[in-house]
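One structure is given here, and the rest of the page talks about it.
Computed from a predicted structure; not experimentally measured. Lettering follows sequence order; numbering is per chain, from 1.
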There are 2 protein chains.
Amino acid sequence: MSYIMKLREASESIDRRILNTALDLFVECGYYNVSVHDIQKQANVSIGSIYNHFGGKEGIAKALYYHVLSEMEELVNSVVAQKLGAVESCNQLIRLLFEQTESQRNTISFVLHAKHREFLPEEPPVCSATPFKAMRDIVQTGMANGEIRQCDPWVAAANVFGGAIRMIHLRLDGVIEQPLPTFYEELLKVTWQGMEVNQG
Amino acid sequence: MSYIMKLREASESIDRRILNTALDLFVECGYYNVSVHDIQKQANVSIGSIYNHFGGKEGIAKALYYHVLSEMEELVNSVVAQKLGAVESCNQLIRLLFEQTESQRNTISFVLHAKHREFLPEEPPVCSATPFKAMRDIVQTGMANGEIRQCDPWVAAANVFGGAIRMIHLRLDGVIEQPLPTFYEELLKVTWQGMEVNQG
DNA sequence: GTCTATATCCAGATAGAC
DNA sequence: GTCTATCTGGATATAGAC
C-alpha cells in the first residue's frame with residue numbers, strides 16, 4: 001500500500017471509506033457483480049468491520065442510497081434558496097447536474113442511473129423522493145405564476161428536465177463523448193423555445 | 001396445470017415459452033434475482049432444455065436482448081416506411097412507444113429500462129443500437145430540410161425524445177398512474193413549441 | 001470494535017439415463 | 001432432445017480470538 005493511500009485512509013473515517021469504495025464498485029460493475037469481499041479488499045478494511053458498521057451488503061447499499069439522495073437534495077436546495085424565477089431555477093439545476101455528471105460521475109450515476117428497486121426492493125423509487133418532487137414543484141410554481149406554459153404537470157416536468165436527463169444517461173453510457181456543459185446553452189434554447197422552426 | 005395453460009404451451013414453441021417467461025421474470029424481479037430454476041419452473045420445461053436451447057442464463061438474456069431490439073427496429077421501420085415528414089415521424093414514434101408501454105409493457109421495459117451492461121457486458125449499449133440511431137437520423141433529416149430548428153444533433157434528439165422517454169420511465173416505475181396515451185397531444189405541443197410563454 | 005477463519009447456502013452448470 | 005439428480009464454486013454471513 002502506497003504512502004498516499006495510507007494518508008488518505010487515515011484522513012477518512014472507516015465508514016466513508018467503505019461507502020466510497022462501494023459507490024465506485026457498484027457503479028462500475030453493478031450491485032450484483034460486487035461481493036462483500038471485493039469491497040472489503042479495495043477499502044482495506046476487514047469483513048468484520050463491514051458487518052459491524054452496515055450489517056451486510058444491502059446495509060451498505062441502503063446507507064449509500066440515502067447518502068446520495070441527501071447530496072441531491074442539497075443540490076436542489078442550493079438552487080431553491082436563491083429564490084430565482086422558475087425558469088432560471090430549472091436552468092441552474094440543469095447546469096449543476098451537468099457539471100456534477102462530469103465531476104461527481106459516480107454519485108450522479110448512482111442516483112439517476114441505478115435500478116435501486118432491484119437491490120433495495122423496500123425503498124420507494126428515486127423519482128418519488130423529495131429532491132425530485134422539489135424539481136416538479138419548481139415547474140408547477142412557474143406555471144402558476146405565468147412563467148411557464150400551462151399544461152399537465154407530468155408533461156411539463158418531463159419536458160423541462162427530460163432532455164437533460166436523457167443526455168446525462170447517454171453521457172454515463174459513454175454514447176455522448178463530450179462533457180455535458182458543452183451542450184448547456186443550446187439545450188436550454190430548444191427546451192424553452194421548442195424545436196419547431198418559427199413561421200414567417 | 002390448467003387446460004388453458006396446456007393449450008397455450010402446445011401452441012408456443014419451447015424457445016418462445018422460455019423467452020417469454022424469462023422476459024416476464026427479468027422485468028419483474030431483475031436479472032440477478034431470477035434463477036434458471038425459476039425460469040424452468042414457470043415455463044414448465046426442464047433445466048436440461050434450457051441449457052440445450054440457450055446454453056445458460058446469459059444465453060437467454062442475449063437472445064432476449066436481440067429479440068426485443070428487433071421488435072423495436074420493426075416499430076421504427078414501420079414509421080420510416082410511411083415516408084412522413086421528420087416531425088410527423090417523431091410524433092408517430094412517440095405515439096407507438098406510448099401505446100406499447102401500455103400493451104407490451106415488459107418488452108418496452110426490457111429495451112428502455114433494463115441495465116444490459118450489468119448482465120451482458122460484451123454487448124454494446126442499447127442507445128447505440130440501430131433503432132436508436134435511426135431515431136436520431138430522423139431528427140437529423142428534419143434539421144437538414146428545415147423542418148426542425150438547427151442545433152447540435154445530441155441536443156435535438158434528446159429534446160425531441162427525452163420528454164417521452166422520461167415519461168415512459170416514470171410510467172414503468174409506477175410514478176405516473178395514468179396510461180401514457182393520455183398525455184400524447186399535450187406532450188407534442190410543448191416539445192415542438194417549447195415551454196416558454198409567448199410574449200405579446 | 002476489529003480481525004481471520006469458517007460455516008452455510010444456493011446459484012449456475014453438468015452427467016448420464018431415457 | 002428432454003429429463004432428473006448431482007456437482008462445484010462463490011457468495012453472504014457468522015464465530016470467536018484479540
* To do: For the residue pair A:F110 and A:F119, categorise the inter-ring angle as parallel (less than 30°), tilted (30 to 60°) or perpendicular (more than 60°).
  =>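 Plane angle between 30° and 60°, so tilted.
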* About how many Å separate CG of B:N159 and CG of B:D152, when rounded to the nearest 0.5 Å? -> 11.0 Å
* Asked: Under the side-chain hydrogen bond (donor to acceptor under 3.5 Å, both in side chains) test, which residues partner A:S35, sequence neighbours left out?
  -> A:D38
* Per-nucleotide protein contact string for nucleotides 9-15 of chain D (B base, S sugar-phosphate only, - none; heavy atom under 4.0 Å) -> --SBBB-
* Structure fact -> DNA chain C: first to last nucleotide in contact with chain A (atom under 4.0 angstrom from a heavy atom), 5' to 3', is C:dT2 to C:dA5
* Asked: Do A:E102 and A:R171 meet the salt-bridge criterion of a basic N to acidic O distance under 4.0 Å?
  -> yes
* Verify same cluster id: B:V197, A:V139 (apolar side-chain graph, 4.5 Å) ->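 No; A:V139 is not reachable from B:V197 via cluster members.
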* If you take all heavy atoms of A:Y184 and A:N91, which pair is closest and at what distance? ->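 Looking at all heavy atoms of both residues, the shortest contact is OH-O, 3.2 Å.
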* A:Y31 six-ring centre to A:K57 NZ/CZ under 6.0 Å and within 45° of normal ->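 Yes; both conditions hold, so A:K57 lies above the ring face of A:Y31.
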